**Q** 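Supplied in structure tokens, the structure appears directly below.
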Amino acid sequence: MPAGNSDVYNIVQAKFLATEIVKTIHLNVSIVDGPSSNANRVLALVEYNSSHALFVLVSSRCPPVSFSDLSIETVVPIDQHFSCETEPVTEQNYVTLIIKYRQTKYEYNVEIGKESCNFAAELIRAKEVATDNKTNFTWLEKYFGTMNQSNRNSDPTMSDRSDFVIVRNEMAQAQTTNNRESRLKYQLKLRESEFTQIQEFTIFIGTWNVNGQPPSVSLKPWLSYDESPPDVYAIGFQEIDLSKEAFIFNDTPREAEWQKLVMDGLNPNAKYRLVALARLVGMQLAVMINNQHYPYVKNVSFDTVGTGLLGKMGNKGGVAVRLELHNTSLCFVNCHLAAHVDEYERRNQDYKDINARINFKRNPQAIKDHDQIYWLGDLNYRITDLSNTQVKTLLIRNEVNTLLKVDQLNQQRERGNVLLDYTEGDITFQPTYKFDLFTDVYDTSEKARPPAWTDRILWRGKGIHQVQYRSHMEMRISDHKPVSALFKSEISVIDPIRYRKVQEDLLKWMDKYDNEILPQVTVDETEVIFDLVKFREPQSKEIIIANTGLVPADFEFIKKHDEPFYCKEWLRILPYAASINPGEKCEIRFEVNLETDVENLEDILVLHLKGGKDIFITISGKCQKSCFTQSLSSLVRIQVPILNLTEDEWDQVRKNNTPVRYSVPRELWLLVDHLYRHGLKTRDLFESCALHEELIRIRNWLDYGSQDPIPGTPQAVAETLLLFLSYTKEPVIPFELQDICTAAANNFENCRQLILMKLNDIHRTVFIYICMFLQELLKYSKDNSYDAKTLASLFGDILLRDQIRNSKPQASRGKANFVYNFLVNDLSSSLLPR
Amino acid sequence: MANRSGTAQRPNGQTQGKICQFKLVLLGESAVGKSSLVLRFVKGQFHEYQESTIGAAFLTQTICLDDTTVKFEIWDTAGQERYHSLAPMYYRGAQAAIVVYDITNQDTFGRAKTWVKELQRQASPNIVIALAGNKQDLANKRLVEYEEAQTYADENGLLFMETSAKTAMNVNDIFLAIAKKLPKNEQNTGQTGSGQGRRLTEDNPDNKTVMNCCK
């Protein structure tokens, strides 16, 4: 991660869960064929549980300042269907990154440079890891509806994008808390110097190609060369076993034998413990640590990579161990690169492959991401262009520097082809290859290979100081001489007391920040009191929500735990959810429309701020009784207008404790009687739309009573009649009878039986009363233009009205047919109550 | 012998900053000092005339223990009786509760007992309940004896402390005691069901739509 990008990196990481690690990002990416000036895409390689995916994010600001600037545009899983290529754009300083997934192709332009090279390399590496294990991408599902769907989309459409946005909004809540741990980790890293101190550790690195020779000599002359004991040993061997069995089965008894020699050969002035041992065929790497430091070693991991036959066999390659010592991450790589003088390019390639493919399966996963890296082994680079004799002559003349100039490793490093950014100490020792066995004499065989410095130790990272770099001539069992290097390395050691203080400090600071960015609003009124609320006379009240916090506040009325809706059915809230920007206000209107029999308005609303507090808003108000919304059985028990009753009288009526006074409600009779006398010949009697005030006047006339004539036109009275029948507590044909009524609708006799047997006296009388009135109306159909079918349809929906009020009235043929029977047949004798 | 699996981990508590997250709810009669306790704990402040909470305030605060870090998501509820029916929204799914009473008011102690009973009946069975006798600074006007409350707490397995939001006495301590008593398992790290601002009632998004289209 380039240092300057680390802030942006952290912002991108905030888009994801803490367990979904953003491995690397690329900024300033533009879509091919899009405006190139608009380089507002960010590419992110994200890893979760060793599966990778490429995310394309759109940034509203460049560079993004907060994770809310970023929205996810495209998600591409990295598996065997994934491929990535780059294509240079002629005469431009950018390249096109071509991402393919099955049939889908995405193209992005990125600036040529280290960032793009690294990013492409990481993608390819991720793909390499993906192909050899069955990866699970269920974690991506939350980022798009289903994976197949996304894969099918060759072009991310707007609808797609909005899907993502929805998902992100929901997740943002969990994000803040989930990312706390990674935020803390990041902040701790920034303030590391406050709670750590540098402590120097001696690290002994050794490498020896043992040429398949049996482990038969003490290693003390090599490993215990220095008097004072080092803190850490990392000892690498190559060619411990050249047998076919070792090659094919990757198993060798030599491993344990050599390791025993290593342990026996360690400096006797201290006690050591093995931290990790990694081996691949003939390559072996052991890391030992002085006992006293062992408790401070953690997160140990190793991996091996074969680059030999077929590019993957273990006769060549590398083995690596990583660990954290106190607060510094260390990585040791022992390698055996391709042989033969001319094969330096193959060696370069092996080096690259080891870097790309070593994966420690924990963070950091790659070699390059460690604080300190020690690279050792038989790198196999030779001396170019000089014959055996020339080399030997120069050696005799002690012109080591002349030779080092033509050393392939030095040349390749100078050209930047291998071990870039690594350092090697000055070589003051003789070439370590190739000796006649058991001698200090360079190769006298027919092949007469020129001597070379094949065995090397390099390092990369902060605070590494090499104090020794040497070969050990007295070790003679192999055709190589062992090499060792001694380092004084700066290890960052945590002071637990100061660490705790910084951590507490940071948590306090994060709490403060978290609490400050909580959404905050004030509400000008938490008590909303309505004036006397009357039937079908809507009222509204407003409150104002002001965002007094630092962040946008998303509010929403939420339902209480035991209630089906967030408010009662007589209330409407506009808007019931919205977002308010800091410093802005939002007016919320509460509308009451009384259409049922409610004594008092009483409700507590829960106004919830997403990610923050709740505010309770109490709604209250008194309601005025009305003959509308009452049950027929109550209404037939009163002889006076409903509002002339005392509370006690009404209470008795409601409980059906008073005698039935009328066969049909007084109000129904008044309305029907008026129409009978004034409306029979009115054209389109039920279809005119009266003024609201007119209906209210009639309602008051019915509820209060008056000596004056009914205040309205026949049409208004007709509409009031429909309203009255539509809002009675129970429909004239009760809900539970409606299905059998409509089922019987094609047979008048059956319908008649139903009315007689199932309907109670009050409802039956009202039903017949209305039907008889409609029959009367039909006698004047020439004047009023109504026919039986029309009236049956109109009244069918009302007399057999649906249970859910205000749902779209569905013209029901069954209901109409049922009523139709009673409009065209004689009702006079058989249906009237006995 | 070396670990063969490729990864070898050794325990080392030093820098393993595990953060456990808990939902904590404050309950109690109105004006016993619930908001003041939270304000003292979270911001170190005290207001003599703290506004009455109409709703449920939300704040977070972290406490460092020896081995773990505990993050509290605190819901400070309205104490007025008329909001009683809304309380389950806040204590459902809570891992901890502080039931607060005022040591100068016997009625609030009676109310606290009812809250405890309700929590024992309705809240999650493992909930850690602490009883806080607040306004200890007014001990000269005390009407609830310390021993009486302590006995009640012991009988019901509650943590108990007398606190003063005004003088800060025992405020951090009571939260710390809860943090120590809470089980720290993997479930509470990272994503829990009771994340910040998450509702505990099962919201059916359809409800809103239904309400809207039938109005």
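Sequence lines set the chain letters: A, B, ... in the order given, protein chains first and strands last, and positions in each chain run from 1. Computed from a predicted structure; not experimentally measured.
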**Q** Distance from B:Leu86 atom CG to A:Leu605 atom CG, nearest 0.5 Å?
**A**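 Spacing of CG (B:Leu86) from CG (A:Leu605) equals 10.0 Å.
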
**Q** What part of A:Arg322 lies closer than 4.5 angstrom to a heavy atom of chain B: side chain, backbone, both or neither?
**A**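 Neither part.
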
**Q** Check B:Met89 against A:Lys560 and note the closest heavy-atom contact, atom names and distance.
**A**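 Heavy atoms only, the tightest pair is SD-CA, 4.0 Å.
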
**Q** Hey, can you pull the donor-acceptor pairs under 3.5 Å for the side chains in residues 25-32 of chain B, sequence neighbours left out?
**A**
none

**Q** Looking at A:Asn515, A:Ile615, A:Val287, which makes the most heavy-atom pairs under 4.5 Å with chain B?
**A**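 Most heavy-atom pairs within the cutoff with chain B belong to A:Asn515.
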
**Q** Tell me the closest heavy-atom pair linking B:Trp75 and A:Gly612, and the distance in Å.
**A**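 Result for this residue pair: CH2-O, 3.2 Å.
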
**Q** Salt bridge between B:Arg82 and A:Glu527, side-chain N to carboxylate O under 4.0 Å?
**A**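 Yes, B:Arg82 and A:Glu527 are salt-bridged.
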
**Q** Might you point out which heavy atoms bring B:Ala56 and A:Phe616 nearest each other, and give the distance in Å?
**A**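 Between these two residues, the closest heavy atoms are N-CZ, 4.5 Å.
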
**Q** To the nearest 0.5 Å, what is the distance between CD1 on B:Ile54 and NZ on A:Lys613?
**A**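 Those atoms lie 10.5 Å apart.
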
**Q** Where do B:Cys64 and A:Arg500 come nearest, in terms of heavy atoms and distance?
**A**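 Heavy-atom minimum between the residues: O-NH2, 3.4 Å.
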
**Q** We want to know whether A:Asp514 and B:Thr60 form a side-chain donor-acceptor pair, criterion being a heavy-atom distance below 3.5 angstrom.
**A**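 Absent: no donor and acceptor within the cut-off.
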
**Q** Under 4.5 Å heavy-atom distance to chain A, tell me which part of B:Leu59 shows up: side chain, backbone, both or neither.
**A**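 Looking at B:Leu59, backbone and side chain both touch chain A.
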
**Q** Under 4.5 Å from any heavy atom of chain B, what part of A:Thr618 do you find: side chain, backbone, both or neither?
**A**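 Side chain of A:Thr618 only, per the 4.5 Å heavy-atom cut-off to chain B.
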
**Q** If every non-hydrogen atom of B:Phe58 is compared with every non-hydrogen atom of A:Leu518, which pair is closest and at what distance?
**A**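 For B:Phe58 versus A:Leu518, the nearest heavy atoms are O-CD1, 3.2 Å.
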
**Q** Is it true that, when you exclude B:Lys113 itself, more than 12 heavy atoms of the residues, nucleotides or ligands shown sit nearer than 6.0 Å to its NZ?
**A**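 Counting other residues, nucleotides and ligands, NZ of B:Lys113 exceeds 12 neighbours.
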
**Q** For atom CD of B:Glu51, decide whether the heavy atoms of other residues, nucleotides or ligands shown that lie under 6.0 angstrom number more than 12.
**A**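 12 or below, so no.
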
**Q** Within a reach of under 6.0 Å around OH of B:Tyr152, are more than 12 heavy atoms found that belong to other residues, nucleotides or ligands?
**A**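 Enclosed.
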
**Q** Is there a side-chain contact between B:Val42 and A:Lys512 (heavy atoms, below 4.5 Å)?
**A**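 A side-chain contact under 4.5 Å is absent here.
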
**Q** Side chain, backbone, both or neither: which part of B:Ser85 has a non-hydrogen atom closer than 4.5 Å to chain A?
**A**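 It is the backbone, since no side chain atom gets that close.
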
**Q** Quick one: CG on A:Leu184 to NZ on B:Lys71, what's the gap to the nearest 0.5 Å?
**A**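 A:Leu184 atom CG to B:Lys71 atom NZ measures 11.5 Å (nearest 0.5 Å).
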
**Q** Using modelled atom types and a 3.5 Å cut-off, is there a donor and acceptor pairing between side-chain atoms of A:Asp511 and backbone atoms of B:Thr62?
**A**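 Side chain of A:Asp511 to backbone of B:Thr62: a pair is present.
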
**Q** Hey, is NZ on A:Lys185 packed in by over 12 heavy atoms from elsewhere, all under 6.0 Å?
**A**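 Atom NZ in A:Lys185 is not packed in, count stays at 12 or less.
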
